[in-house]
Amino acid sequence: MSQNAVERTLGKLATDEEFRTRFFENPGAATWEAGLPLSSVELEALSGLSRAAIARFSQTLDGRIRRLCLLETPSRAARRKERPSNERSDGGAGDST
């Protein structure tokens, strides 16, 4: 069961920005709230991952498998301000017309 929880945690970190934010603020609470029973060793190892690397990896995933984030987090607000207004927010998918 524990390896399963590690794999599920990694998946949520990659696909769920809200969970990722909560995890790096308080890993124990975030995983407990998500129902991910990690041992202290697993929690420590996952907490040592690079937040930036996980976020970069997440951006490479197809938007259809990432969880939609409806909350305005500080990191989302900063990215929105940095992004040119003509940049597409749908990941660059072409128009269907």
Least distance between heavy atoms, Phe24 atom then Leu49 atom = CE2-O, 3.5 Å
query = From Asn26 CG over to Thr21 OG1, what is the distance, rounded to the nearest 0.5 angstrom?
reply = 13.0 Å
task = Could you tell me which residues satisfy side chain to side chain donor-acceptor pair (under 3.5 Å) with Glu44, sequence neighbours excluded, listed by chain and number?
result = none
key: Thr31 OG1 to Arg22 CZ distance, which is reported to the nearest 0.5 Å   = 10.5 Å
ask   = Minimum heavy-atom separation for Gly28 to Leu43, with atom names?
value = CA-CD2, 3.7 Å
remark   = Applying side chain to side chain donor-acceptor pair (under 3.5 Å) to Arg64 and not counting sequence neighbours gives Asp62
key: Minimum heavy-atom distance Leu61-Arg66, with the two atoms named   = O-NH1, 2.8 Å
ask   = Just how far is it from atom CD of Gln3 to atom CD of Glu42, taken to the nearest 0.5 Å?
value = 7.5 Å
message = I need the minimum non-hydrogen distance between Thr9 and Phe19, along with the two atoms involved.
response = O-CE2, 4.1 Å
request  = Determine whether Ile54 and Glu17 make a side-chain contact, defined as any pair of heavy atoms from C-beta on separated by less than 4.5 Å.
outcome  = no
task = Please answer: with hydrophobic residues joined when any side-chain heavy atoms are less than 4.5 Å apart, are Ile65 and Phe57 in the same cluster?
result = yes
message = Are Leu10 and Leu38 connected into the same hydrophobic cluster when the rule is that any two of I, L, V, M, F, W, Y join if their side-chain heavy atoms are below 4.5 Å apart?
response = yes
inquiry  = Which residues pass the side chain to side chain donor-acceptor pair (under 3.5 Å) test with Ser58, not counting sequence neighbours?
reply    = none
key: Which atom of Arg20 lies closest to which atom of Thr15, heavy atoms considered   = NH1-N, 4.5 Å
